[in-house]
Amino acid sequence: MPVFPPPSQKLVYRYHENDVLCGRGHAVNVHLGNKQFRDICASRKDNFDTATKHQKRLIALSAVEEILEMDPTGRFLERVDGVETAEEQRWNHVNGDADAEANMSQSCARHFKKIGMSENDKKWKKCIGPWRDIGMERAVQKAC
């Protein structure tokens, strides 16, 4: 079995459509990267069910590698709690000010609409980040 490098400690403040998000809830379930990952895993299910323990790990590794080979490269991310982002500080500052709210980033608004969430929804903070890479070992475990 390969030995994987440790996960990156760099924080991610914007995930993209190929990233797989760890966690629970609507935003994670409907995220395109998670849907793609579930489809990739489902396509390997029959082989996985009849495989030995060693073979199962190789099948899971191939599913993770498929995400990593996407363009843009998929990542396996988990939410980092206890860190207030610049976006959160800005939101807390402008919340309730109609003019300031109108000037919120268009990319944030598009992102919220994609996942079926209003910009006024307090859950937006969990979507923005910060996130961090969980590393290959945990990604393979997630695929298993």
Side-chain angles (χ1 to χ4, degrees), residues 1-49 51 53 55-98 100-144:
M1 273 299 128
V3 176
F4 301 118
S8 169
Q9 294 303 308
K10 182 180 175 186
L11 295 178
V12 175
Y13 288 94
R14 295 264 192 248
Y15 55 76
H16 56 72
E17 68 273 6
N18 292 335
D19 289 335
V20 177
L21 308 178
C22 297
R24 299 171 56 171
H26 179 72
V28 170
N29 287 334
V30 301
H31 178 61
L32 181 60
N34 289 55
K35 288 180 181 180
Q36 292 174 138
F37 186 58
R38 284 193 301 270
D39 290 344
I40 289 168
C41 291
S43 72
R44 291 165 167 76
K45 185 176 181 345
D46 290 339
N47 291 338
F48 189 87
D49 288 344
K53 184 176 180 179
Q55 290 169 332
K56 286 181 179 191
R57 186 165 168 82
L58 293 175
I59 292 167
L61 179 59
S62 73
V64 169
E65 287 174 339
E66 191 168 334
I67 293 291
L68 297 175
E69 292 169 359
M70 292 181 166
D71 184 25
T73 300
R75 301 166 292 188
F76 289 80
L77 303 174
E78 68 181 352
R79 174 82 162 95
V80 178
D81 291 324
V83 177
E84 186 174 52
T85 67
E87 285 94 348
E88 287 174 320
Q89 292 169 355
R90 181 174 172 214
W91 180 260
N92 290 335
H93 176 71
V94 302
N95 198 12
D97 179 343
E101 286 181 28
N103 292 325
M104 285 298 285
S105 163
Q106 287 299 312
S107 64
C108 284
R110 281 193 302 272
H111 171 75
F112 293 134
K113 287 177 185 167
K114 276 186 190 175
I115 63 171
M117 190 179 293
S118 161
E119 294 93 331
N120 295 326
D121 193 325
K122 297 291 184 190
K123 294 177 185 174
W124 74 274
K125 292 179 181 181
K126 291 188 178 189
C127 297
I128 297 288
W131 298 81
R132 75 172 149 232
D133 191 329
I134 66 170
M136 285 288 289
E137 184 60 41
R138 284 188 53 207
V140 170
Q141 291 171 1
K142 183 174 176 67
C144 283

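Nothing fancy with the numbering, it's 1 onward along the sequence.
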Seminar exercise, completed: Taken to the nearest 0.5 Å, the spacing of Glu17 CD from Gln36 CD works out to 7.5 Å
For this session: Could you tell me whether the side chain of Phe48 reaches within less than 4.5 Å of the side chain of Cys144, counting heavy atoms only?
Result: yes
Exercise. What distance separates Met136 CE from Lys142 NZ, expressed to the nearest 0.5 Å?
Worked result: 14.5 Å
For this session: Over all heavy atoms of both residues, which pair between Ala60 and Val140 is shortest? Give the atoms and the distance, please.
Result: CB-O, 3.7 Å
Problem set entry | Separation of Leu21 CG from Trp131 CH2 (nearest 0.5 Å) | 4.5 Å
Exercise. For the residue pair Asp19 and Thr73, what are the closest heavy atoms and their distance?
Worked result: OD1-O, 3.9 Å
Exercise. Tyr13 and Pro130: which non-hydrogen atoms are nearest, and at how many Å?
Worked result: CE2-CB, 3.5 Å
For this session: Provide the full list of salt bridge (charged side-chain N to carboxylate O under 4.0 Å, His left out) pairs with a residue in residues 20-41, sequence neighbours left out, each pair given once.
Result: none
For this session: For the residue pair Lys56 and Lys53, establish whether any side-chain heavy-atom pair is separated by less than 4.5 Å.
Result: no
Exercise. So, the side chain of His31 versus the backbone of His16: is there a donor-acceptor pair under 3.5 Å, distance only?
Worked result: yes
Exercise. Which atoms form the tightest heavy-atom contact between Arg14 and Arg75, and what is the distance?
Worked result: O-NH2, 3.4 Å
Seminar exercise, completed: Residues at least two apart in sequence or cross-chain that pass salt bridge (charged side-chain N to carboxylate O under 4.0 Å, His left out) with Asp49, listed by chain then number, are Lys45
Problem set entry | Interatomic distance, Ile40 atom CD1 to Ile59 atom CD1 [nearest 0.5 angstrom] | 14.0 Å
Exercise. If every non-hydrogen atom of Ala63 is compared with every non-hydrogen atom of Cys41, which pair is closest and at what distance?
Worked result: CB-SG, 4.3 Å
Exercise. Residues in side chain to side chain donor-acceptor pair (under 3.5 Å) with Ser62, at least two apart?
Worked result: Arg44
For this session: Verify side-chain contact (heavy atoms from CB on, under 4.5 Å) between Lys10 and Asp133, making sure each step is shown before the conclusion.
Result: CA-CA 8 Å; Lys10 182 180 175 186; Asp133 191 329; over 6 Å; no
For this session: For residues Pro7 and Glu137, determine if any side-chain heavy atom of one lies less than 4.5 Å from a side-chain heavy atom of the other.
Result: no
For this session: Quick one: closest heavy-atom pair of Val80 and Leu11, and the distance?
Result: CG2-CD2, 3.8 Å
Exercise. Once you round to the nearest 0.5 Å, how far does CZ of Arg79 lie from CZ of Arg132?
Worked result: 10.5 Å
Seminar exercise, completed: d(Phe37 CZ, Leu32 CG) to nearest 0.5 Å is 14.0 Å
